[in-house]
Amino acid sequence: MLRPAIVAALLLAFALSLESAAAGPETGVGIATLDCTAEPETVILDNQGSAAQDLAGWQLQSDPDETFDLSSLGAIQPGATVTVQSGPAASGVFVWDSAEVFRDDDGTDYARLVDDSGATVEEVACAEATPQATAEPTPEPSPVGDVPDGGGPPPPGEGVSPALLVLAGAVLGAAGLAALALSRPRAAR
């Protein structure tokens, strides 16, 4: 027969594995806007997921020889956008190239978002792109790891949920009480 402490430890391990599987980070990084004819040309990336996405090893591509390494962007937080500019008028924080990257009159030109494994996340053709003006500036990701802009608590969806911490405490408390009860000598009858 298994001791209550062992059973409690197994239940806790099982609960932690369920929590991490059920609440695994969901990322939704994609190309929100592509404007191949603007001055400067712009590609706006956004994260519609529930967790921050580290962009180390990710790239923007246009034609095989036009590549922008997104590693310098750090992590993009949920709901955040990042603007990458190119062309002679580019003056943003993230400049792909000071020359034009996209061919204005070529409908086959594109912007492709590639993840760190080399898989295409999204591709938008310049001919299909619908330019959108943004009325207000968008926050840039923190340049140092996954530190939230302005400090504060980590973004939602990261870390262990409070409900799981309460469950873990209850399981460990019950295991401790059971171990204490089993270790006390029983009174002779």
Side-chain angles (χ1 to χ4, degrees), residues 20-159:
S20 65
E26 175 193 335
T27 58
V29 177
I31 299 172
T33 304
L34 170 64
D35 193 339
C36 300
T37 59
E39 287 296 327
E41 301 167 327
T42 58
V43 180
I44 300 177
L45 304 176
D46 67 351
N47 183 353
Q48 295 298 315
S50 62
Q53 174 63 57
D54 184 7
L55 296 179
W58 287 52
Q59 296 180 340
L60 273 176
Q61 297 175 348
S62 177
D63 291 332
D65 59 337
E66 297 285 349
T67 301
F68 179 70
D69 182 8
L70 296 171
S71 298
S72 64
L73 277 66
I76 183 170
Q77 300 299 320
T81 61
V82 175
T83 301
V84 178
Q85 297 179 345
S86 59
S91 62
V93 175
F94 302 108
V95 176
W96 185 334
D97 198 323
S98 60
E100 291 183 350
V101 171
F102 303 106
R103 297 179 306 272
D104 293 346
D105 297 325
D106 186 348
T108 64
D109 206 357
Y110 58 87
R112 178 184 298 143
L113 180 62
V114 178
D115 69 14
D116 58 344
S117 72
T120 297
V121 174
E122 185 173 11
E123 183 174 315
V124 178
C126 287
E128 299 169 5
T130 53
Q132 298 175 358
T134 54
E136 56 187 73
T138 56
E140 297 293 335
S142 173
V144 181
D146 288 336
V147 178
D149 294 333
E158 291 188 14

Undergrad: Atom OG1 of Thr83 and atom CG of Leu73: how far apart are they, to the nearest 0.5 Å?
TA: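 That separation rounds to 10.0 Å.
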Undergrad: How close do Gln48 and Asp46 get, counting heavy atoms only, and between which atoms?
TA: NE2-OD2, 2.9 Å
Undergrad: When rounded to the nearest 0.5 angstrom, what distance separates CH2 in Trp58 from OG in Ser117?
TA: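 Going from CH2 on Trp58 over to OG on Ser117, the span is 8.5 Å.
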Undergrad: Specify whether Phe68 and Trp96 have parallel, tilted or perpendicular ring planes, treating 30° as the upper limit for parallel and 60° as the lower limit for perpendicular.
TA: tilted
Undergrad: What's the shortest heavy-atom distance between Ile76 and Val29, and which atoms?
TA: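 In this case the closest contact between Ile76 and Val29 is CG2-CG2, 3.7 Å.
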Undergrad: Pair up each side-chain donor or acceptor in residues 85-92 with any protein partner under 3.5 Å, not counting sequence neighbours, and list the distances.
TA:
residue : atom : partner : partner atom : Å
Gln85   : OE1  : Ser91   : N            : 2.9
Gln85   : OE1  : Gly92   : N            : 2.8
Ser86   : OG   : Glu41   : OE1          : 2.6

Undergrad: With sequence neighbours excluded, tell me which residues meet side chain to side chain contact (heavy atoms under 4.5 Å, CB included) with Ser71.
TA: Ala56, Asp69
Undergrad: Less than 4.5 Å apart, any side-chain heavy atom of Glu66 and any of Arg112?
TA: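 Heavy-atom side-chain distance check fails, nothing below 4.5 Å.
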Undergrad: Among Leu113, Val124, Leu60, exactly one meets side chain to side chain contact (heavy atoms under 4.5 Å, CB included) together with Val43. Which residue is that?
TA: Leu60
Undergrad: How far does CG of Leu70 sit from CG of Asp54, to the nearest 0.5 angstrom?
TA: 11.0 Å
Undergrad: Nearest 0.5 Å, please: how far is CG in Leu45 from CD in Gln53?
TA: 11.5 Å
Undergrad: Mark yes or no for whether Tyr110, through its side chain, and Cys126, through its backbone, hold a donor-acceptor pair below 3.5 Å.
TA: no
Undergrad: Which heavy atom in Asp109 sits nearest to a heavy atom in Ser62, and how many Å separate them?
TA: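 So the minimum-distance heavy-atom pair works out to OD1-OG, 2.7 Å.
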Undergrad: Between the side chain of Asn47 and the main-chain N/O of Gly49, is any donor-acceptor distance below 3.5 Å?
TA: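 It does hold such a pair.
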Undergrad: Report the distance from atom OG1 of Thr37 to atom CZ of Phe102, rounding to the nearest 0.5 Å.
TA: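 Reported value, rounded in 0.5 Å steps: 11.0 Å.
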